[in-house]
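Working notes, structure below.
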There are 2 protein chains.
Amino acid sequence: MRGDGNELNERKKLILKAIIEAHVRDGEPVGSKYLTQNKQFSLSSATIRNEMSELEEMGYLEQPHTSAGRVPSEYGYRFYVNSLMQKYRMSQNELARMNALVKSRLAEVDKLLETATQLAAALTNYTSIAIKPGRSATAITKFRLVFITDEVLMLVMLMADGSVRTGQIHADLQLSPGLLERLEMILNTQIAGKRAEEISMPLVMEIERLFGEGDSLVGPVIKYICEVLAENTGGDVKLSGVNHLLEYPEYADAHKFKELLGVLEEKRDLLRLVSETDESDDRPQVIIGSENSVEEMQDSTLVFQKIRSGGKVIGAIGILGPRRMDYSKVISTVEYITDNISELLRASPGLPPGGQDDDEHKT
Amino acid sequence: MRGDGNELNERKKLILKAIIEAHVRDGEPVGSKYLTQNKQFSLSSATIRNEMSELEEMGYLEQPHTSAGRVPSEYGYRFYVNSLMQKYRMSQNELARMNALVKSRLAEVDKLLETATQLAAALTNYTSIAIKPGRSATAITKFRLVFITDEVLMLVMLMADGSVRTGQIHADLQLSPGLLERLEMILNTQIAGKRAEEISMPLVMEIERLFGEGDSLVGPVIKYICEVLAENTGGDVKLSGVNHLLEYPEYADAHKFKELLGVLEEKRDLLRLVSETDESDDRPQVIIGSENSVEEMQDSTLVFQKIRSGGKVIGAIGILGPRRMDYSKVISTVEYITDNISELLRASPGLPPGGQDDDEHKT
DNA sequence: ATTAGCACTTGGATCATACGAGTGCTAAAC
DNA sequence: GTTTAGCACTCGTATGATCCAAGTGCTAAT
């Protein structure tokens with residue numbers, strides 16, 4: 001019954017569009033009469049009723065119960081997003097607000113993502129999600145040891161993917177810049193480039209031998225390095241504006257809302273969701289209802305877009321709301337914010353400058 | 001009417017305790033009859049009624065309406081927490097679970113706090129909050145510049161409070177270790193120890209003059225330093241288990257819950273709340289209802305405890321739930337978790353080892 | 001092909017009633 | 001003097017009946 005025959009005539013499209021937009025606006029089923037009175041259709045309610053009846057048969061609409069108006073089906077929304085919707089044009093006001101917010105804080109990617117989420121939530125009145133996928137353990141290409149105090153050193157690690165990690169290590173013996181220089185060299189020759197599995201006990205002992213004094217220094221350092229290598233950084237998810245959801249009657253059911261909240265906090269599912277989608281698709285992705293493999297989110301829509309920097313996906317920002325959501329506005333917002341972030345990332349320093357990747361060398 | 005005369009006799013205390021515990025258990029007003037049938041009181045309901053009536057007059061109990069049972073008043077809870085409650089003894093099971101979780105991930109304070117929150121939420125079935133107060137702008141005592149690639153350097157700043165901040169800076173000119181060494185020295189002589197206001201334009205120009213080449217390097221570096229100095233790090237708040245709140249009918253009202261969520265996300269109020277309390281008190285703090293200055297939280301109770309490392313408050317973890325909360329269990333949990341974290345912080349490195357503070361030198 | 005008209009369905013709001021839980025008080029019992 | 005039994009009273013909620021408005025589907029007329 002879906003997409004049978006060949007699609008909708010113009011009038012049906014217009015009606016469907018009007019229904020969806022009306023429903024999104026006030027959240028109630030839309031009746032035939034409503035469409036005639038408020039709107040530009042020069043048709044009677046009866047005619048519209050007939051069309052609606054057909055639209056229902058074709059799967060674009062649904063009836064909550066006999067005497068209610070129609071509501072867009074998931075399929076209907078999907079069609080709307082794919083074909084009917086026109087891009088939302090931000091108002092002067094919104095644009096100004098956005099620019100101001102975007103410019104305010106940049107710097108580290110983390111902060112950037114967080115700001116972006118808050119922004120998205122504030123602008124759309126839906127819940128917004130920042131996703132930072134975990135980098136799966138990469139090798140370390142270079143070490144630097146920095147002398148901080150007599151007892152503390154900082155370990156700086158340049159990762160193969162171009163990012164940098166740092167950590168402080170507390171040593172039990174008296175440190176000196178010279179000592180660190182020696183250890184740094186040893187690390188760079190012996191450990192750089194290796195994966196966690198390759199750091200065997202004999203290797204560690206060899207290093208301790210080379211370094212000579214103070215295995216109370218080598219020990220903690222190696223331990224820290226192993227931790228970083230093994231880390232498989234879990235990825236991070238930040239929510240903003242969860243409270244907005246409660247504005248929509250769709251989330252009135254406390255129990256279901258609780259479940260949803262639980263999933264959102266769990267991170268895992270969200271991360272999977274983002275990584276499941278087409279890796280190369282850099283447009284906003286719209287996941288409507290049951291297209292979503294996470295059960296608890298099947299009454300919601302998730303719109304998200306990946307953010308790249310130097311060819312690598314470094315995160316994503318998304319918006320979550322009821323299936324009845326202002327797709328046009330949400331999609332534009334996500335798109336706009338993502339673009340801006342990419343822009344900022346290109347301009348500012350802060351993270352991988354594209355470094356040792358294959359693609360970038362052709363310039 | 002509060003605390004008039006001189007306090008409760010034994011029987012009143014017992015009855016009050018029983019009422020509170022029953023109410024916490026099932027969330028409904030407690031009637032006189034209920035107390036007699038289920039419980040160990042060898043009294044009739046009438047007697048209990050009389051006692052309850054007096055307890056009400058004294059301000060420990062309240063009646064939602066004439067024909068409902070009694071409910072503990074805020075004052076009643078406060079009394080319970082202060083005098084009646086006995087420490088919750090964790091079950092073998094809970095202890096095991098906790099230990100396992102605590103041991104799993106430690107390392108950075110951030111991670112630690114996050115794990116702790118999740119733990120607290122899981123154990124208590126309330127919402128848990130990790131609070132990392134912002135350090136109010138401190139001076140930088142020392143700089144280190146680390147060569148990372150031809151174009152990127154890492155700026156390491158030792159702060160006056162003993163912590164370390166790092167940031168990457170992208171330079172437009174070709175970097176070299178020698179270059180950085182020179183700049184490092186200039187920074188250490190010219191800027192170290194200064195506050196943000198003291199970094200004037202003339203000073204910056206002086207530095208550029210001293211450094212000579214490439215103000216395309218000095219510019220970004222100084223800018224970054226100023227940002228860090230001005231930063232007044234906002235502090236951070238992490239929530240876990242928000243969904244648990246929805247289990248309690250107290251939070252059924254979607255609108256109020258939305259407001260509460262909004263406040264929790266805002267961070268600001270929470271941070272204030274924690275910093276408002278007695279700085280030196282390291283026991284768990286219990287803020288019940290209207291004792292809380294945040295309006296939206298006046299129907300809730302917040303239990304939290306500060307975490308110190310080397311004398312400095314580095315964060316707090318707390319639990320938020322309905323006023324009717326299992327105080328005994330919650331307080332013990334918070335206490336236990338906090339103690340464990342302190343323990344871990346003492347054992348592992350990772351953060352300020354107490355550094356250049358006054359108190360610590362006396363060892 | 002469109003429209004007017006009408007019978008039918010149905011969820012929600014409104015109202016009245018009944019019920020149950022709990023109290024406060026008085027008078028009797030210990 | 002304290003405790004208890006008994007009873008009238010209060011009040012929130014659950015239940016059910018009724019009504020209404022909105023919307024549909026269908027048929028017949030335009």
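Order of the sequence lines sets the chain letters (A, B, ...), proteins ahead of strands, with each chain counted from 1.
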Nearest to the side chain of S32(B), heavy atoms from C-beta on, is which of dT4(D), dT3(C), dT23(C)? dT23(C)
Return no unless some side-chain N or O of T66(B) is found under 4.0 Å from OP1 or OP2 of dC9(D). no
Output the rounded distance in Å from CG (L43(B)) to P (dT2(D)). 13 Å
CZ of R49(A) versus P of dC6(C): gap in Å, rounded? 13 Å
By nearest-nucleotide position on DNA chain D, the 5'-leaning member of P64(B) and S44(B) is S44(B)
Figure out the NE2/P separation between H65(B) and dA21(C), and round it to whole Å. 13 Å
S53(A) side-chain proximity, nearest of dT4(D), dG25(D), dT23(C): dG25(D)
Nearest whole Å is fine: how far is dT23(C) P from I48(B) CD1? 10 Å
At less than 3.5 Å, do the side-chain atoms of S67(B) and the base atoms of dC11(D) form a donor-acceptor pair? yes
Parallel, tilted or perpendicular, as decided by the 30° and 60° cut-offs, for the rings of Y77(B) and Y327(B): tilted
Count the heavy atoms belonging to other residues, nucleotides or ligands that lie under 6.0 Å from CD of Q298(A), then report whether that count exceeds 12. yes
E54(A) CD to dT2(C) P: how many Å, rounded? 10 Å
State whether T47(A) places a side-chain N or O below 4.0 Å from either non-bridging phosphate oxygen (OP1 or OP2) of dT3(C). yes
Which of parallel (below 30°), tilted (30 to 60°) and perpendicular (above 60°) describes F79(A) and Y60(A)? perpendicular
Spacing between R70(A) atom CZ and dT10(C) atom P, to the nearest angstrom: 14 Å
Consider the side chain of N50(A), meaning its heavy atoms from C-beta on, and name the nucleotide among dT3(C), dG23(D), dG25(D) that approaches it most closely. dT3(C)
Are there more than 12 heavy atoms of other residues, nucleotides or ligands under 6.0 Å from atom NE2 of H65(B)? yes
Around atom NZ of K267(B), are there more than 12 heavy atoms from other residues, nucleotides or ligands closer than 6.0 Å? yes
From CE of M52(B) over to P of dT23(C), roughly how many Å is that when rounded to an integer? 5 Å
Separation of dG22(C) P from E51(B) CD (nearest whole Å): 18 Å
Mapping A46(A) and S45(B) onto DNA chain D by nearest heavy atom, which one lands closer to the 5' end? S45(B)
